[in-house]
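Below is one structure, written out as structure tokens, with a few remarks after it.
For the numbers below, each heavy atom of this structure counts, side chains included, while hydrogens, waters and symmetry mates do not. Computed from a predicted model, the values in this text were never measured in an experiment.
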Amino acid sequence: MEYTQLGRTGLKVSRLVLGTMNFGPQTDEADSHAIMDAALDAGINFFDTANVYGWGENKGRTETIIGNWFAQGGGRRDKTVIATKVYGNMGPDGVPAWPNQDKLSALNIRRAVDASLKRLQTDHIDLYQFHHIDRSTPFEEIWQAIDVLVQQGKILYVGSSNFPGYKIAQANELAARRGGTIGLVSEQCLYNLVERRAEMEVIPAAQDYGLGVIPWSPLHGGLLGGVLKKEVEGSRRTSGRAADALADPGFRAKIQAYEDLVDKHGLQPGEVALAWLLTRPGVTGPIVGPRTAEQLDSALRAAELTLPEELLTGLEEIFPGPGPSPEAFAW
């Protein structure tokens, strides 16, 4: 496993990030623990979660599963860089959030950190991420809350998720003016071969301010994982957003061209999609969210792939990026 520093920090993390969103809803605790053990054995030291994972009535369940894994000892916690997130309503689904039960007020941040620490059975969070922008809370308040938590030793670094480029700039400019606050060190964003809009503003902002980029949904909901071949084989039935996307003849033709190109090179679609992200400027490592041990094995193979120039050129032709800003939308 290769390692890199997270943005401008001295923190070394693996170039694959273990996503845990499926732990609980789709993967039971025993299998989740086995996947985490296998990931650690393979050298993956960067695990990502969120306080809301588990979903529905089970919000927080994923953090609890990870905490129970840490509690088994064997150096699991010390070897793991654990990242979690704050923003979402931790109350019951379908019920409006009780005041200060969500978003990024100083009160909710303080409560959310303590709750995550308890579920994770640890005394600190390595990377605490804002899951979304909060339009009603000024960064002055957010950074003040974070400064206190850093001083208390409850969190070490702070990152963003789903932030536009201007919010990354705004947050870090204020952090610099305050002094003593390192600011955002990472941005977790939607980024893959199909969805490349982050290249216009988000990734350039992250690079300029020294943030590591952590792409989520690297297979775009499975659409880059060989979905058409699986349809033919009868091993997968598309539904929801994937089915809606494939109902567009033009998009379906792109996915078919992608699968044909990858097959020509004797490779697997999902592994190529991950390997492509590892070639992109500014990317620390994509988040892989295996439901099974086999899916983890596939991700590990992707980390060892070297994509030939002919394949990279073909991928660019099928899924061209938007181009740099402002040229992408101006002259």
| Lys/Arg N to Asp/Glu carboxylate O, Lys264 vs Glu310, below 4.0 Å | yes

| message | Less than 4.0 angstrom from a charged side-chain N to a carboxylate O is my criterion; do Glu195 and Arg197 meet it? | response | yes

| message | We want to know whether Gln72 and His33 form a side-chain donor-acceptor pair, criterion being a heavy-atom distance below 3.5 angstrom. | response | yes

| message | Pairing donors with acceptors under 3.5 angstrom, does anything connect the side chains of Asn45 and Ser14? | response | yes

| field | Working for side-chain contact (heavy atoms from CB on, under 4.5 Å), residues Trp55 and Arg61 | value | CA-CA 8 Å; Trp55 309 112; Arg61 174 62 178 154; over 6 Å; no

| query | Among side-chain atoms of Lys59 and Tyr53, is any donor-acceptor pair under 3.5 angstrom? | reply | no

| field | Heavy-atom side-chain contact between Val202 and Ile168 under 4.5 Å | value | yes

| message | List the residues meeting side-chain contact (heavy atoms from CB on, under 4.5 Å) with Arg178, not counting sequence neighbours, and say none if there are none. | response | Trp143, Gln144, Asp147, Leu174, Thr181

| request: Please name the pair of heavy atoms, one in Leu219 and one in Gly270, separated by the smallest distance, quoted to 0.1 Å. | output: CD2-O, 3.5 Å

| message | Using 0.5 Å steps for rounding, measure from the CD1 atom of Ile125 to the CG atom of Leu149. | response | 8.5 Å

| Does Val158 reach the side chain of Val185, with side-chain heavy atoms less than 4.5 Å apart? | no

| task | Report yes if some heavy atom in the side chain of Met200 is under 4.5 Å from a heavy atom in the side chain of Phe329; otherwise report no. | result | yes

| request: Over all heavy atoms of both residues, which pair between Leu6 and Gly212 is shortest? Give the atoms and the distance, please. | output: CD1-CA, 4.4 Å

| query | Arg15 side chain to Thr284 main-chain N or O, any donor-acceptor pair under 3.5 Å? | reply | yes

| field | Within one Ile-Leu-Val-Met-Phe-Trp-Tyr cluster: Leu127 and Leu211, side-chain cutoff 4.5 Å | value | no

| said: Using side-chain contact (heavy atoms from CB on, under 4.5 Å), reason through Tyr258 and Val272 one step at a time and then give a plain yes or no. | reply: CA-CA 10 Å; Tyr258 169 67; Val272 168; 3.9 Å; yes

| field | Straight-line distance of Ile287 CD1 to Leu274 CG, nearest 0.5 Å | value | 11.5 Å

| task | Test Asn51 against Arg119 for side-chain contact (heavy atoms from CB on, under 4.5 Å), laying out the working first. | result | CA-CA 9 Å; Asn51 61 352; Arg119 287 188 292 265; 3.6 Å; yes

| query | Any donor and acceptor pair, going by atom type alone, linking the side chain of Ser116 with main-chain N or O of Val113 inside 3.5 Å? | reply | no

| message | One thing to verify: whether Lys254 and Asp248 come together as a salt bridge, which I'm taking to mean a side-chain N less than 4.0 angstrom from a carboxylate O. | response | no

| task | Could you tell me whether a side-chain N or O of Glu231 sits under 3.5 Å from a main-chain N or O of Leu228, the two making a donor and an acceptor? | result | no

| message | Strictly below 4.0 Å, N to O, side chains only: are Lys154 and Asp114 in salt-bridge contact? | response | yes

| remark: In short, Leu224 meets Ala273 closest at the heavy-atom pair CB-CB, 4.0 Å

| request: Using modelled atom types only, decide if a donor and an acceptor are shared between the side chain of Lys229 and the backbone of Glu259 within a distance under 3.5 Å. | output: no

| task | Could you tell me which non-hydrogen atom of Gly225 sits nearest to which non-hydrogen atom of Pro269, and how far apart they are? | result | C-CB, 4.0 Å

| field | Test: Arg76 cationic atom under 6.0 Å from Phe70 six-membered ring centre, within 45° of axis | value | no

| note | CD1 (Ile142) and CG (Asp134) are apart, to the nearest 0.5 Å, by 6.0 Å

| Quick one: does Ser160's side chain have a donor or acceptor within less than 3.5 Å of a partner on Phe163's backbone? | no

| request: Kindly determine whether Ile82 and Arg77 satisfy side-chain contact (heavy atoms from CB on, under 4.5 Å), including the steps that lead there. | output: CA-CA 8 Å; Ile82 187 67; Arg77 177 63 187 97; 3.2 Å; yes

| query | So do Val288 and Val17 actually touch side chain to side chain, heavy atoms under 4.5 Å? | reply | no

| task | Determine whether more than 12 heavy atoms belonging to other residues, nucleotides or ligands lie under 6.0 Å from atom CD of Gln5. | result | yes

| note | Nearest heavy-atom contact between Ser217 and Asn192 is O-ND2, 2.7 Å

| message | Within the 4.5 Å heavy-atom criterion, are Met90 and Arg111 side-chain neighbours or not? | response | no

| field | Validation row: Tyr87, Phe130 side chains within 4.5 angstrom (heavy atoms) | value | no

| task | May I ask you to decide if Thr84's main-chain N or O and Gln129's side chain share a donor-acceptor pair within less than 3.5 Å? | result | yes

| Quick one: do the Trp216 and Asn162 side chains pair a donor with an acceptor below 3.5 Å? | yes

| said: Can you confirm whether Leu223 sits close enough to Leu246 that some side-chain heavy atom of one is under 4.5 Å from a side-chain heavy atom of the other? | reply: yes

| query | Got a salt bridge between Glu63 and Lys118, using NZ or NE/NH1/NH2 to carboxylate O under 4.0 Å? | reply | no

| Hey, is Arg196 close enough to Glu316 for a salt bridge, meaning N to O under 4.0 Å? | yes

| said: Looking at Tyr209, is its backbone amide N or carbonyl O close enough to the side chain of Arg8 to form a donor-acceptor pair, meaning the two atoms are under 3.5 Å apart? | reply: yes

| Short side-chain donor-acceptor distance under 3.5 Å, Thr27 and Arg291 | no

| query | Salt bridge check: are Lys230 and Glu233 linked by an N-O gap of less than 4.0 Å? | reply | no

| message | Within the 4.5 Å heavy-atom criterion, are Ile44 and Leu300 side-chain neighbours or not? | response | yes

| message | Between the side chains of Arg301 and Glu271, is the shortest nitrogen-to-carboxylate-oxygen separation below 4.0 Å, so that they form an ion pair? | response | yes

| request: For the pair Asp48 (side chain) and Ile214 (backbone), establish whether a donor and an acceptor sit closer than 3.5 Å, ignoring hydrogens and angles. | output: no

| field | Approximate separation, where rounding is to 0.5 Å, of Ile35 CD1 and Thr292 OG1 | value | 6.5 Å

| field | Neighbour count >12 (heavy atoms, 6.0 Å) for atom CD, Glu57 | value | no

| Which distance, rounded to the nearest 0.5 Å, do you find between the CD of Glu304 and the CD of Glu2? | 9.5 Å

| Polar side-chain atom of Tyr3 near backbone of Gly43 as donor-acceptor pair, under 3.5 Å | yes

| query | For residues Trp98 and Asn89, is any side-chain donor paired with an opposing acceptor at under 3.5 Å? | reply | no

| said: The test is side-chain hydrogen bond (donor to acceptor under 3.5 Å, both in side chains); show your working for Ser105 and Thr137 and say whether it passes. | reply: CA-CA 6 Å; Ser105 70; Thr137 304; 5.8 Å; no

| task | Mark yes or no for whether Asp102, through its side chain, and Ala97, through its backbone, hold a donor-acceptor pair below 3.5 Å. | result | no

| query | How long is the gap from OG1 on Thr62 to CG on Leu120, to the nearest 0.5 Å? | reply | 10.0 Å

| task | Answer yes if the side chains of Asn108 and Gln101 hold a donor-acceptor pair under 3.5 Å, and no otherwise. | result | no

| said: When you compare the side chains of Tyr191 and Glu199, does any donor N or O come within less than 3.5 Å of an acceptor on the partner? | reply: yes

| message | Applying side-chain hydrogen bond (donor to acceptor under 3.5 Å, both in side chains) to Asp126 and His124, what does each step give before you reach the verdict? | response | CA-CA 6 Å; Asp126 299 305; His124 74 280; 2.9 Å; yes

| remark: Closest non-hydrogen contact found for Ile65 with Ser32 is CG2-CB, 3.8 Å

